[in-house]
Amino acid sequence: MSEDARDDAAPGETRESKRTEARGVGGYVVGLALATLLTAASFLLPGSGLVWGPAVPAALVVLAVAQMGVHLVFFLHISTGPDNTNNVIALAFGVLVVLLVVLGSVWIMTHLNHQLMTPGDMARMMR
Amino acid sequence: MLGKLNWGAIPIDQPIPLIAAGAIGLILAGVLAWITRAGHWPYLWREWITSVDHKRIGVMYVLLGLVMLIRGFVDAIMMRTQQAAAIGGAQGYLPPEHYDQLFSAHGTIMIFFGAMPFIIGLMNFVVPLQLGVRDVAFPTLNSVSFWLTAAGALLVNASLVIGEFARTGWLPYAPLSETGYSPGVGVDYYLWAIQISGVGTLMSGVNLVTTILKLRAPGMSYLRMPMFCWTALGSNMLIVAAFPILTATLAMLTLDRYLGFHFFTNEAGGNPMMFMNLIWAWGHPEVYILVLPAFGIFSETFSTFSSKPLFGYRSMVLATLFIVVVSFTVWLHHFFTMGAGGDVNAAFGIATSVIAVGTGVKVFNWLFTMYGGRVRFATPMLWSIAFMLVFVVGGMTGVLLAVPPADFLLHNSMFLVAHFHNVIVGGVVFGAFAGLTYWFPKAFGFRLDERWGQIAFWLSITGFVIVFGAMYVLGLEGMTRRLQHIDNVEWAPGIYVAGGGMVFMLLGVVAQVTQLVVSIRNRDALRDETGDPWDGRSLEWSTASPPPSFNFAVLPDVHGEEAYWTVKERARKEQSLGDAPQYEAVHMPRNSATGFVTAFFATLTGFALVWHIWWLVAVSLVGAYATFVAFAWRDEGEVEIAADTVAAADRARRTARQAWLDRQEGAA
């Protein structure tokens, strides 16, 4: 059988990939610095007046997504290397499930809010 | 000192739970006394309680599942008899508050502590053997998972005598489960039992996903894995993705109940409908967590007992993964009637019908697997064929319920109850029994008695059809679920018929127990010498029965699908087993009491939280944490099994296989 059929198997063997960015202590330090920077930025940004007021939530979302990216690359070692396929697929599956549940719930609850009075409101109305 | 706990917690005024608990206590005391007298404690402690062997843990999981299935079945008998005895003027023998606990306990126990341990146990036992490896990825974690599940089961059963169980149904719908409407400890028992066992289930899911992705025999690529490993992978991916939703939802309800939060209350901006939404976002994937491994078991039995490779292997894999993803897009069908608009209902209704396509693909593949094969009607095959017949009926009533307008008529009716029993009993429980009979010889080295197995099968399937057939009719006649008293006397015939069917199911259970006893007695006659009693096709049959602790003397080298069938074909053709391999010493993980001790503290934590005994909560949490720290600082993690021991074990197996080969030659 050809090599590629066994490519996914790798039972028990830990092949060192030269392509993993962010390896060793150096990688963690860079990651920590970036993460701190992004965290500090999201705290300082709203008060600084650098960003137009109504755009602040969007800016915070951008910083949050960047934060996730930093965590994935530097701490969870997600890369595009061939030995990383499982991790990438797992991540994609996780993101898909979270999106389905969150967006689905928002859709359902919006509909319910639109169609029905919440029980709390109903209790107030009946008072 | 003892929080809310006082003598009033013991239900002295209710004879039924007291007598039941007394009987169980006597049996338990008897068993413990027997173990002590026979001096089995050291053996049990060394070989089972502290074992990190995936096979032993799998067997204990299945045992827990079987015991809890019987407990849940007793609840079912009481529900059927109460309904039959409470029609019109009669009131039956169970007061409403007891009946409500009964149906809640029945559902909780059957799903969380009957079906789940049974299925996880089978996966635990079989998956590493089928992958050709020596253990799961994290053996000690596996033991922790099992003991935490057992701790949850213990808490639920403790509620029988100390306090009460939830009266809210098996999913504690808010606001009924909030403190205002359920001030007792019942819901708290439910919450902590499920949270503790849920942690165990989640860790077991992580463990098995890692095992399947990372630990496979050389050459065992994804598309050479047996179908059961694929469905186990799908099921455990669902566990990892869905159980956190359950944990978070129940944690929110816990905050509501313990700290006065308002996630799901009627007041202060809470929204009970969010509870329904979240609990079913876990609840629907949960049914696929249960049924996917059952589908895998059927794939194995249909192929083995038809002496043919599984038809459409790749389409099976695809259908499994399709179900994994689509199972996250259908949860609203559990609450069509809650009041979302037409387009939401339509979208989820269509998604629900679409998921049946994946199952349909599987049913046709199983049919074509049997087509043209030499079908052997052994007990596992009988369960499998019965599954196919009844599951198609259950699937069709499911698609019917997936149509929102029809669901508005059938919601919460006995038709719904019949439907989900039809698919869960007909799918998961039949699958579990098929798997139990199929892999029993692998686990214990002797087959189960065929005659008693067939008797049990016919009794169970007869009872099953009668009970749930009657329930379908009752549902169409308008009977709703969870009735403690029946006002409409026109439903009486259906209720009596269902009660009569129950008798057959009870006899089926008795026959199953008899089968076990008879088989243990006749174990020498039923002995499986070769390790391959069914002429199997996957790697678990290539090792001895029962397998040595290290599973395989030498890790198999896999060429092609159906790893073991290929090996057997070559042996038959060349009339030789091949040269004896080079044996090397094997390193196995050392036994650990971590799981047992952690679960002991977890049980205490749960119990203390239920009764608000805060000092005990602190003490036992520290105890559990200390156990983990002690484990993390262990010096010796592994034991070495010498090459000679490995060689001796494998030589015995090779002798038996050589005898098999000679018989084949004689027959040819």
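Throughout, a chain's letter reflects where its sequence line sits, starting with A, and its residues are numbered from 1.
Heavy-atom neighbours of B:Tyr181 OH from other residues, nucleotides or ligands within 6.0 Å: at or below the threshold of 12. Atom CD of B:Glu584 is surrounded by 12 or fewer heavy atoms from other residues, nucleotides or ligands within 6.0 Å. The 12-atom threshold is not exceeded at CZ of A:Phe43, counting heavy atoms of other residues, nucleotides or ligands nearer than 6.0 Å.
Between B:Met273 and A:Ile108 there is no side-chain heavy-atom pair separated by less than 4.5 Å.
For A:Leu112 against B:Gly339, the heavy-atom pair with the smallest separation is CD2-C, 3.5 Å. Closest of all the heavy-atom pairs between B:Met274 and A:Ser105 is CE-CB, 4.4 Å. Considering all non-hydrogen atoms of both residues, B:Trp331 and A:Gly104 come closest at CH2-CA, 3.8 Å.
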### Chi angles and distances behind the side chain to side chain contact (heavy atoms under 4.5 Å, CB included) call for B:Phe328, A:Leu96
CA-CA 9 Å; B:Phe328 271 103; A:Leu96 176 71; over 6 Å; no
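Heavy-atom distances place no part of B:Leu131 under 4.5 Å from chain A, backbone and side chain included. Interface remark: B:Asn345 contributes no atoms to any contact with chain A (heavy atom separation under 4.5 Å). For A:Val101, the parts sitting under 4.5 Å from any heavy atom of chain B are the backbone and the side chain alike.
Atom CH2 of A:Trp107 is separated from atom CG of B:Asp343 by 6.0 Å, given to the nearest 0.5 angstrom.
The stretch residues 31-56 of chain A participates, sequence neighbours left out, in these side-chain hydrogen bond (donor to acceptor under 3.5 Å, both in side chains) pairs: A:Thr39-A:Gln67.
Most heavy-atom pairs under 4.5 Å with chain A, from the set B:Gly341, B:Pro285, B:Ala347: that is B:Gly341.
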